[in-house]
Structures are given as structure tokens and as C-alpha cells.
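We use all heavy atoms of the structure for the numbers below, so side chains are in, but hydrogens, waters and symmetry mates are not.
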Amino acid sequence: MGIAETELKKFEYSTCDENKLFYQAMEEVIYSIAPLLESDSRYEEYSILERLVVPDRVVKFKVTWLDDNNKIQVNTGYRVQFNNALGPYKGGLRFHPTVNEGVLKFLGFEQIFKNSLTGLPIGGAKGGSDFNPKGKSDFEIMKFCSAFMTELHKYIGPRVDVPAGDIGVGAREIGYLFGEYKKITSSYEGVLTGKPFMFGGSLMRPEATGYGAVYFTQTMLEMEGKEELAGKVCTVSGAGNVALHAIEKLQQIGAMVVTCSDSKGTIYDSRGVDLELLKELKMVRRTSLEEYIQVHSDAKYIPLEEYPEGGHAVWDIPCYAAFPCATQNELTEVDAQNLIANGCVSVTEGANMPSTPEAIDLLQSHGVCFAPAKAANAGGVAVSEFEMSQNASMSKWSFEKVDEKLKTTMQQICKRVALTAKDYGVEGNYVHGANIAGFKRVADAMIAEGI
Ligand code: NDP
Ligand code: 2IT
């Protein structure tokens, strides 16, 4: 039995349904870091894995709020504070009906290594609620956010734990959460990132994850000797913060993006998607993508249920580079087969863990350049840390300064990941490179800090 199998056996308890995603994330990391564990016995000696797979604490609380009909609604809120060896706990909040402790453990676990890869002083955490923001009025969102913060404020602080956005949590929600924190604590401090610019947000935080994923891909393609993105057809899934800004940057550099998707269906526009319209539909009106074809009747709308089991319409469309930017496990083995058959050269994970393990294996074994989430989407949390820096020094950086620092950060992450893979005998494997490099920094800090 190899070192990875031996380690994994210790954690088999994690396979219950709620922990499936967490186990998937953990399994990938453990397999990746096997060469590191074999080369340095300190990690075993200090029980680093056993310590890393258990969060420092999981806070779970009731959120009671009044809807617009004055009916009392009850949701569950969470904050999973995973590891603070490298800095204050840091990671987003997700508001989505599928949120439970297992989902947030998977996201918090990934966040430890992602944040470590940025080279910045931030630990890993994640939080959120099973609250569904869809169809809620602005006042209902505000009342929920206030009620959520009534509990959450006890556990966070600018040097303790700094939440941000994720699925269902954007600048509007962060604004309401910040307002409530300020009211309760009488303290005006950088306790959340992704704030609107007018009260402490960083320029470019909304764009950072999507732009960063494109910067990462540019560096990876150059390092792997592949043609650049300009002039190439790209496919993107999702139509939220990450997807729309990935599309924006791809269009700015001269690529043609022909798809996007939401939880109900996919848009395929062979002449290139109309980003202004997408922003209007998804960011302003918060409606379904189906309305896109009322304006662009030549485009195709493919409802989710029309697509065969196990595959997704976006990944069946020929492309040079693919960018899954919606949610976990949205790119399956079937999708990977379709991408390969259509000549796809690179896949960049804008979302967290959007590809299944089988899809990743297949893509890599066919020579597709594969950029894993914890490296490729680290631009969001990196600019969050820039926001923390600006708040701490009461300063405001220009758009150009943040963009330049983001670009440099993504290039550095890409190079470190590629170099680490090479050093550990798995050249070209960015999944192993990211896991080893991310793990090593946090594990070394844990050893130095004692138990
Ligand atoms: P948003 O809420 O802005 O957008 C999410 C998008 O994904 C929407 O288009 C949504 O469709 C779609 N979606 C959500 N759940 C599902 C589902 N179960 N099936 C199909 N589609 C779904 O979130 P973000 O863009 O912020 O987040 C997208 C991904 O990126 C997530 O994995 C997140 O963890 C990750 N991420 C986000 C960062 C950030 O800075 N925001 C940073 C790093 C990673 P609909 O419009 O119908 O709801
Ligand atoms: O998954 C992620 O990296 C995020 N949702 C952003 C985290 C952050 O603190 O900016």
C-alpha cells in the first residue's frame, strides 16, 4: 500500500453523504502530496495531515428573519475556520440552498492551500447559509444579512477572520453584512472584503477572480509552449461574478467567448456572447439567461433538462480553451471526452473544484493543460488581501496598481506550481504542483508554530 492509500485509510469516516465533496477534495490533496511525504518525514512525525483535515472550529447558528409578509423564516448559518497557520482565517460566504457543513468543509479545506499559494499572510476558512437569495426582495436580503451578522460578528474580526463573497454573495450582500457589523460593534474596520468601493472596497475586487484565471491561463499556455488565447474560441460556464469577468478579460485580449450558462441552461452564441446584455440580465435584473435569445435570436438556448445525463451542453461546443466558472463537479468525464474530441487545449478552473477527478485524469492523460482551481482562481482572494492591506493603512490603490499586482501574483503562482511539479517528478501536472506547493508552506508554518 502506498503512502497516499495509508493516509486515506485513516479518513474513511469522511465518506458519509454530507462529506462526499470534502473527501473528494481531501483525496486529491493526499494523492498529490505523496512524493513530498515520502521525501520528508517531518510531516508524518508532526501529524500534519491529521491536523489539517480537521477544522480548528465549526460554528453553526440559527438565523431567524422576517420576510416581506412578516412571516418568520429560519435558516442555518455556518463559519468553518479551518486553519490560521499563515494568517487570519480568510474565505468567502456562500448563500445557496445546497449549503451544509460538508460543502463548507470542502471549500474551507481548498481555501487553505489556495491562500497559501498566493504567498500572502492569510489562513483558510469558508462560511455561509442554506438561505436562497433567488426571488427575494432587496429588503429580505438586507434582513437576512442583518440576522446572519447578529451571530457571525462574535467570531470574526480584521485580525481574526475576514469573510468575503462566493456564490449568492456579492457587493450588495457584503454591504448589508458590513453595515450590521458596524452597528453592532461600533467599529469601522476591514472585517469583510469585497465591499463596495465607496466604503473601503478595493478597486478590481469584483473583476479579480475572472481576470486572474485568464492571467493564469496566459502564463500556463506560454510555459507549455502553446498558442496564446488571442483569436481563439473559448467556452465559459456560469454567468455570475467569476464567469462574467473571465469573459470580459478574454474579450479584452481578443479571444472569442461563445458560451455561458446558469443553473437552468446554456447560451451558445457562435458570433461571441454579448457581455453588456449578460451583465444586464444577471447582475442588474437577476433573471434567467433564457431572455438572451429575445435580443439575439440567432443564439441558441439549451435548457439544462434537454441535455443527456452526465454531460453539460457548454462542454460539447468546440473550443481552444475552456473555463468552468459555475460550481463544483460541473465538468464530468463525459464532458472531458467531448472537450478532447473537439481539440480543446486547456481547461482553467474558475469555480472551486468544478471538474470531477475522472475528468481531470482524462484531460491530463490526453495532454490538455489543466489549471486547478486553488491556483487558477486565487486572484479573488489575493485582491481580498490587497483590500485588507488598503483598509489597514487607510489608503486607496488605483485600478492599474491592483491590476498589475494581480497579474504578477497570478504569474508567480503559475510559475511556482510548474516548478514544484518539476521538482517532485511530475512535470506539467499543475494539480500535483499546486497541492504540493500549497501544502508545504502551510505545513512548514504549522511545524514552526508547534502544536
Ligand atoms: P455567483 O453567485 O456570482 O454565480 C454563480 C453562477 O453559477 C451563476 O451563474 C449560477 O446560476 C451558477 N450556478 C450556481 N450553482 C449552480 C448549480 N448548482 N448548477 C449550475 N449552475 C450553478 O458566484 P461566483 O461567480 O462568485 O462563484 C462561481 C464559482 O467560483 C463558485 O465555485 C465559487 O466558489 C468560485 N469562486 C468565487 C470567487 C469569487 O471571488 N466570487 C473566488 C474564487 C472562486 P444562476 O444564475 O442560475 O444562479
Ligand atoms: O473561493 C474563494 O476564493 C472566494 N470565494 C473568495 C475568498 C475571499 O476571501 O476573497
Establish, from distance only, whether the side-chain atoms of [X] and [Y] form a donor-acceptor pair under 3.5 Å.
X	Y	result
T118	E385	no
D161	Q81	yes
E248	Y211	yes
Q412	K415	no

Output every pair passing salt bridge (Lys or Arg N to Asp or Glu O under 4.0 Å) with a member in residues 26-39, not counting sequence neighbours, ordered by first then second residue.
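The answer is E28-K374.
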Among residues two or more places apart or on two chains, list those pairs meeting salt bridge (Lys or Arg N to Asp or Glu O under 4.0 Å) that have a residue in residues 319-329.
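Qualifying pairs, neighbours excluded: none.
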Please confirm whether F148 and F61 have ring centers closer than 6.0 angstrom.
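Yes, they do, as the ring centres are separated by less than 6.0 Å.
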R271/D269 salt bridge by N-O under 4.0 Å criterion:
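Yes, this pair counts.
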Name all residues meeting the salt bridge (Lys or Arg N to Asp or Glu O under 4.0 Å) criterion together with E290; count only those two or more places apart in sequence or in a different chain, and write none if there are none.
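Salt bridge (Lys or Arg N to Asp or Glu O under 4.0 Å) list for E290, sorted by chain: empty.
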I need the single residue from T327, L107, L93 that forms a side chain to side chain contact (heavy atoms under 4.5 Å, CB included) with I167. Which is it?
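Going through the options one by one, the only one that passes is T327.
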How would you list, by chain and number, every residue that makes a side-chain hydrogen bond (donor to acceptor under 3.5 Å, both in side chains) with E101, sequence neighbours excluded?
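With sequence neighbours excluded, E101 shows a side-chain hydrogen bond (donor to acceptor under 3.5 Å, both in side chains) to no residue whatsoever.
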Ring pair (Phe, Tyr, Trp, His ring centres under 6.0 Å): which pairs involve residues 302-348, sequence neighbours left out?
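Qualifying pairs, neighbours excluded: none.
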Does anything in residues 265-300 pair up under ring pair (Phe, Tyr, Trp, His ring centres under 6.0 Å), and if so which pairs, sequence neighbours excluded?
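Applying ring pair (Phe, Tyr, Trp, His ring centres under 6.0 Å) to every pair that reaches into residues 265-300, excluding sequence neighbours, yields Y292-H296.
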Verdict with supporting geometry, F131 and K136, side-chain contact (heavy atoms from CB on, under 4.5 Å):
CA-CA 10 Å; F131 170 71; K136 303 289 189 298; 3.8 Å; yes
